[in-house]
**Student:** 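Starting off with a structure, shown below.
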Number of protein chains: 2
Amino acid sequence: MYFENLEKEMENEENEKELQESHYLESNFLPHIALDCVVFGFDSEQLQLKVLMLKMKHREDWGLPGGFVGKRENLEDAAIRVLKERTGAKDIYLKQFKTFGKANRTDEIIEGNTNVLWLKRRFITVGFYALVDYKQVKPNKDKLSSDCGWKDIKDLPAIMLDHQTIFEEGLESLRRSLMLRPVGYGLLPEKFTLSELQNLYEIILDRKLNRGNFYRKVMKYQILEKLNEIRNIGAHKAPFLYRFNKERYDDAVTNGLKDIW
Amino acid sequence: MYFENLEKEMENEENEKELQESHYLESNFLPHIALDCVVFGFDSEQLQLKVLMLKMKHREDWGLPGGFVGKRENLEDAAIRVLKERTGAKDIYLKQFKTFGKANRTDEIIEGNTNVLWLKRRFITVGFYALVDYKQVKPNKDKLSSDCGWKDIKDLPAIMLDHQTIFEEGLESLRRSLMLRPVGYGLLPEKFTLSELQNLYEIILDRKLNRGNFYRKVMKYQILEKLNEIRNIGAHKAPFLYRFNKERYDDAVTNGLKDIW
DNA sequence: TCAAAAGTGTTAGATTTACACCCATGC
DNA sequence: GCATGGGTGTAAATCTAACACTTTTGA
């Protein structure tokens, strides 16, 4: 009997919290509009491209970090805010890639048992992908989730709603843009070795690249600066460190480099 | 005095209409969400790429054809519906290219003098571009506009809101996609000559292409079917007619052809 | 001495670009 | 005959892909 009451009390408390959350959302954000981010991080030790995911409360499956657009907030700023809250990282490369607007895409939630009533309506979501420095990120769960962490893109858990599709289209979009322009700023730490860069490209494109040719190509576009530093790793020659020449890099990103890789 | 009353009456009538329109929108469409279409048509006589524009009531500038998303309507379906209403054309190629979400992008309207109150809120808009057969289209104005017609992309009138930006990004997106895959289905009539196709490509890409090389390239991808028909034009050899082989064309559109042109 | 890093050489083959030449045909 | 269309030839320049050789250097 006692336990039953305790449980009920806790349930009520949880209810109360969710109702408050619902009011907060109601008064601060645009209804029907969400955004979701496919946040990529490159684990250069395990040589894995990872994506940030959240485990939602009341659910067994995972979702992409997302959020809503403040009533007077620019769409892009909303995405930046969400990314900062979730990752703590600054220097985030963000790109909008597609808006998802199937009429029934959030029916699962509308019919589900959340008490955040504000969520119980149809949502259209704007998809962004983001490139962040894996090592700088401290995954941070939000109010609606119970866990937050990196998942290897080749080994994803069960995924809610249409977030699997959003992820796949985000990855495809990243691949395509790598064909047209350099990627890396954001995904790598400020200083990195050439083989880290090559590994990153191989993982994004999902194929091996020839080292010599890669070296010449990357040098030709002069987007890198060689530093007078070296990283000590193993029982062999220490690799040089490089960083992006921001000016040339931005130029290349803006104007594209035709299909390079 | 009499005229004054007449004017006032007409104003009242107009007011009444707009309020009704506002209620209609309120009960049928999602608030805050719009879509705008950059509709391209190829005028093969004047050799101009044209874009469909509307002149809004109460305004001197022009805008892109747009609309809203029905409460239970898929986003893409809404775009298709708007396009059909505005152009009468079937067989429309539609592609979403970007969502525009600056907080102040519709302030002009919020502060303007429309009585369609539903419009007096912030809107985020999803941009689509569409390719239609210029000759099949009968431009059709909507309730909120006073005129509708084709404009040469090299000679546009004054444009409202951020529709200039939306147009430019739509055109850029069309150009890019032409680099990766064939375009033309939709923009050309069912039957067309090779030089019409080449003209189209030259106008979209804004540069001359070598005829011989163009011929070989287009043939290599086998997306065309030569017909046993000829078009009689002038005092010279009549050109053959071609049409797209829909299967191969769709295949190429889906899988891309790397950078071709 | 080994293993990885850094840089360069080389070559076969494909692709691109630019011209140019041929024939056909409607008027 | 002439202007346009349709089709092919070709050579130079450039780019790609694959491989291999050299030197450096930390443990």
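Each chain gets a letter, A, B and so on, in the order its sequence line appears, and its residues count up from 1. Treat the numbers as computed from the prediction; the structure is a model and nothing was measured.
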**Student:** Tell me, please, which residues at least two apart from B:Tyr129 pass ring pair (Phe, Tyr, Trp, His ring centres under 6.0 Å).
**Tutor:**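 B:Tyr129 satisfies ring pair (Phe, Tyr, Trp, His ring centres under 6.0 Å) with no other residue.
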**Student:** As an exercise, state the distance from CD1 of B:Ile223 to CG of B:Asp251, rounded to the nearest 0.5 Å.
**Tutor:**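 Between B:Ile223 CD1 and B:Asp251 CG, I get 11.0 Å after rounding to 0.5 Å.
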**Student:** Do B:Leu197 and B:Phe214 make a side-chain contact, defined as non-hydrogen atoms from C-beta onward lying under 4.5 Å apart?
**Tutor:**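 SC-SC contact between B:Leu197 and B:Phe214 confirmed.
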**Student:** Could you run down the sub-3.5 Å N/O contacts of the protein with nucleotides 4-6 of chain C?
**Tutor:**
| residue | atom | partner | partner atom | Å |
| --- | --- | --- | --- | --- |
| C:dA6 | OP1 | A:Phe240 | N | 2.7 |
| C:dA6 | O4' | A:Lys237 | NZ | 3.3 |
| C:dA6 | N7 | A:Arg211 | NH1 | 3.3 |

**Student:** Starting at atom CZ of A:Phe214, determine the distance to atom C1' of D:dC19, rounded to an integer number of angstrom.
**Tutor:**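 Roughly 18 Å, once rounded to whole Å.
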**Student:** Tell me the interatomic distance from B:Leu205, atom CG, to C:dT17, atom P, rounded to whole angstroms.
**Tutor:**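 Roughly 12 Å, once rounded to whole Å.
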**Student:** Over how many whole Å does the gap from A:Asn210 atom CG to D:dC15 atom P extend?
**Tutor:**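 Going from A:Asn210 (CG) to D:dC15 (P), I get 18 Å.
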**Student:** Can you list the residues that meet the ring pair (Phe, Tyr, Trp, His ring centres under 6.0 Å) rule with A:Tyr249, with sequence neighbours excluded?
**Tutor:**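 Applying ring pair (Phe, Tyr, Trp, His ring centres under 6.0 Å) to A:Tyr249 gives A:Tyr185, A:Phe244.
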**Student:** Between D:dG6 atom P and B:Phe192 atom CZ, what is the distance in whole Å?
**Tutor:**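 About 12 Å, once rounded to whole Å.
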**Student:** Measure all distances between protein nitrogen or oxygen atoms and nitrogen or oxygen atoms of nucleotides 9-11 of chain D, and list the pairs falling under 3.5 Å.
**Tutor:**
| residue | atom | partner | partner atom | Å |
| --- | --- | --- | --- | --- |
| D:dG9 | N7 | B:Arg216 | NH1 | 3.0 |
| D:dG9 | O6 | B:Arg216 | NH2 | 2.8 |

**Student:** What residue pairs, at least two apart or across chains, pass salt bridge (charged side-chain N to carboxylate O under 4.0 Å, His left out) with a residue in residues 182-204 of chain B?
**Tutor:**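 The answer is B:Glu190-B:Arg243, B:Lys191-B:Glu229, B:Glu196-B:Arg231, B:Glu202-B:Lys208.
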**Student:** Please identify each residue that fulfils side-chain contact (heavy atoms from CB on, under 4.5 Å) with B:Ile159, with sequence neighbours left out.
**Tutor:**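 Listed in chain order: B:Met53, B:Leu156, B:His163, B:Gln164.
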**Student:** Is any NZ, NE, NH1 or NH2 atom of the basic residue among B:Lys246 and B:Asp250 found under 4.0 Å from an Asp or Glu carboxylate oxygen of the other?
**Tutor:**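 So B:Lys246 pairs with B:Asp250 through a salt bridge.
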**Student:** In whole angstroms, how far is the P atom of D:dT8 from the NZ atom of B:Lys217?
**Tutor:**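 Roughly 17 Å, once rounded to whole Å.
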**Student:** Would one find more than 12 heavy atoms of other residues, nucleotides or ligands at under 6.0 Å from atom NZ of B:Lys102?
**Tutor:**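 Incorrect, the count does not exceed 12.
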